[in-house]
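Read through the structure below, which is laid out as structure tokens, and then see the notes.
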Amino acid sequence: MKYAFITEHKQEFRIDLMCEVLAVSPSAYYESLNKMFSHRARDNQAIDTQIAKIYTQHRGRYGAPRIHKELEALGKQLESMLSK
């Protein structure tokens, strides 16, 4: 998840600075870019991203039960996202 954050925000912040703040070595980050992720890992990443979006949309006030409800409501959209 740290590497995904770095990738998403590399236009806003320097990569070496984000690596330092997140306690990740820059070489490990760059190595992760070259790794092939399994379907399961990509699915987990997509779900994690969706959870973070829901949490942010509700200004950090939603806990696990409410986030779970929203994920269920997204249902088919989430399934189609995972099958890509």
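For reference, positions follow the sequence shown, starting with 1. Just so we're clear, the structure is a prediction, and the values are computed from it rather than from any experiment.
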Of Ser25, Pro26, Ser32, which meets side chain to side chain contact (heavy atoms under 4.5 Å, CB included) against Tyr29? Ser32
Value rounded to 0.5 Å, distance of [atom1] in [X] from [atom2] in [Y]:
X     : Y     : atom1 : atom2 : result
Ile51 : His68 : CD1   : NE2   : 9.5 Å
Met18 : Glu8  : CE    : CD    : 10.0 Å
Gln57 : Ile67 : CD    : CD1   : 10.5 Å
Lys53 : Leu74 : NZ    : CG    : 10.0 Å

For Glu20, look at atom CD and say whether over 12 heavy atoms of other residues, nucleotides or ligands are found less than 6.0 Å away. no
Heavy-atom neighbours of His58 NE2 exceed 12 at 6.0 Å: yes
For Lys2 against Leu22, the heavy-atom pair lying closest together: NZ-O, 3.0 Å
Heavy-atom pair of closest approach, residues Ile54 and Tyr62: CG2-CD2, 4.1 Å
Between His9 and Phe5 (side chain of the first, backbone of the second, donor and acceptor by atom type, cut-off under 3.5 Å), is there such a pair? yes
Any side-chain heavy atom of Ile6 within less than 4.5 Å of one from Phe13? no
